[in-house]
**Q** 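The structure's right below; bear with me while I get my questions together.
Atom set for the values below is all heavy atoms of this structure, side chains included, hydrogens, waters and symmetry mates excluded.
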Amino acid sequence: MRRFYKAVGIAPAAASDVEGFHVLLDGRVLKTPAKAALLLPNAALAEAVAAEWAAQAEQIKPDSMPLMRFCATAIDRVAQDRSYTVQELVRYGGSDLLCYRAEDPAALIAREQQVWQPLLDWFSQRYDIGLNVTTGIIAVKQPEDLPARLTRILEALDDFRLVALHSATTGTGSLVIGLALLAGRVDADAAFAAGQLDELFQAEAWGEDYEAQDRRSGLLEELRQVQHFLKLL
């Protein structure tokens, strides 16, 4: 799509009963792909999204606007069906990556214990939920009330934070890592290292191909974008 606007700005929502900020393109309220007004929770986020639009050259490149993507997803998808996003995240919690440890070699076992166990301990202390850990790939049974308790935690989040959490969780394979990033317990680089621990260990031992390296670079960039998005919130 060719750039169709000249000026980019922000403005508070015009309605007296609506709080938030709009991004303006030539004075018109920017809309999401689903044609909803892009109403953002604060001026900092609106300014950052506006900067993405202002940085577009002759051709608009959506892939260069991650903040816009997060915001539009929150409005067009999560807000329309929060239960779907919540339940998908609950399923990740029921089979969290950090609960499945290697059986060998000893060096990998030690690294998982060093990196993953502190995150599980943090999760247990913060939410008063203990997750069971196993070795191998056979499913481990988690507490029966885990889905209900995770649902309450996730339902307390707003749509924008749910989007951020969903991206971090699906990228790393771990709701615990996602929640740790959301809470500032880890930064994006640490979240990436934890989520990719097994693969990075194998790459150190056997090397890696370009596709795997490229995929990991994309994941790290996504997590850094999530972290930036959360700071703006």
Side-chain angles (χ1 to χ4, degrees), residues 10-24 29-53 62 65-94 96 119 122-123 125-129 145-188 190-191 195 221-233:
I10 72 168
S16 59
D17 59 340
V18 176
E19 295 184 357
F21 289 80
H22 291 301
V23 174
L24 306 179
V29 173
L30 176 63
K31 294 188 176 181
T32 68
K35 307 305 180 185
L38 191 78
L39 181 64
L40 305 180
N42 61 54
L45 181 57
E47 289 280 10
V49 173
E52 289 184 336
W53 283 91
M65 295 190 283
L67 298 176
M68 175 64 190
R69 171 168 52 87
F70 290 142
C71 294
T73 301
I75 294 168
D76 286 348
R77 296 179 60 185
V78 174
Q80 303 308 313
D81 189 0
R82 284 177 53 89
S83 63
Y84 178 85
T85 301
V86 167
Q87 291 310 307
E88 187 174 10
L89 290 170
V90 167
R91 287 192 291 272
Y92 270 91
D96 201 279
L119 289 171
W122 167 83
F123 176 80
Q125 293 169 6
R126 183 178 179 92
Y127 298 107
D128 192 27
I129 299 175
D145 64 345
L146 179 64
R149 299 182 70 179
L150 289 178
T151 296
R152 288 194 293 271
I153 293 168
L154 298 173
E155 285 181 341
L157 300 176
D158 61 48
D159 297 336
F160 293 90
R161 287 176 174 81
L162 269 180
V163 166
L165 178 60
H166 185 272
S167 180
T169 299
T170 56
T172 62
S174 168
L175 179 61
V176 173
I177 294 175
L179 286 168
L181 181 61
L182 188 73
R185 171 62 177 76
V186 297
D187 63 13
E221 180 60 26
E222 176 79 4
L223 290 171
R224 287 172 175 171
Q225 292 166 356
V226 169
Q227 180 178 317
H228 180 48
F229 180 58
L230 288 170
K231 287 182 177 179
L232 291 168
L233 290 173

**Q** Could I get the full list of ring pair (Phe, Tyr, Trp, His ring centres under 6.0 Å) partners for Y92, not counting sequence neighbours?
**A**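 Expected list: none.
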**Q** To check you understand the geometry: which heavy-atom pair defines the closest contact between L223 and A168, and what is its length?
**A**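 For L223 versus A168, the nearest heavy atoms are CD2-CA, 3.8 Å.
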**Q** Quick one: does D76's side chain have a donor or acceptor within less than 3.5 Å of a partner on T32's backbone?
**A** no
**Q** In Å, rounded to the nearest 0.5 Å, how long is the span from CG of L119 to CG of D96?
**A**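 Output value for this atom pair is 9.5 Å.
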**Q** In terms of relative ring orientation, are F70 and F229 parallel, tilted or perpendicular, with 30° and 60° separating the classes?
**A**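 Because their plane-to-plane angle lies in the 30° to 60° range, the rings of F70 and F229 count as tilted.
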**Q** Under the 3.5 angstrom rule, does the side chain of Q225 hit a backbone N or O of P66 as a donor-acceptor pair?
**A** no
**Q** Taking the side chain as C-beta and beyond, is there a heavy-atom pair between L24 and V29 under 4.5 Å?
**A** yes
**Q** For residues 39-50, please give each side-chain donor-acceptor pair under 3.5 Å, one per line with the distance, not counting sequence neighbours.
**A**
from	atom 1	to	atom 2	distance (Å)
N42	OD1	A44	N	3.1
N42	OD1	L45	N	2.7
N42	ND2	L232	O	3.0

**Q** I want to check something: taking the side chain as every heavy atom from C-beta on, are Y127 and L179 in contact at a cut-off of under 4.5 Å?
**A** yes
**Q** If the test is side chain to side chain contact (heavy atoms under 4.5 Å, CB included), which one of L38, V23, D159 qualifies with C71?
**A** L38
**Q** Quick test of your reading of the model: are R69 and E222 salt-bridged, counting only N-O distances below 4.0 Å?
**A**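 Salt bridge between R69 and E222, a charged N being under 4.0 Å from a carboxylate O: yes.
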**Q** When you measure from the side chain of R149 to the backbone N and O of D128, does any donor-acceptor pair fall under 3.5 Å?
**A**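 Flag set: sc R149 to bb D128 pair under 3.5 Å.
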**Q** Tell me if a side-chain donor or acceptor on R161 pairs with a main-chain N or O of L233 at a distance below 3.5 Å.
**A** yes
**Q** Within this structure, what is the CG-CG distance for the pair L165 and L89, rounded to the nearest 0.5 Å?
**A**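 The CG atom of L89 is 5.0 Å from CG of L165, to the nearest 0.5 Å.
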**Q** Are V78 and H166 packed together at the side-chain level, in the sense that at least one heavy-atom pair is separated by less than 4.5 angstrom?
**A** no
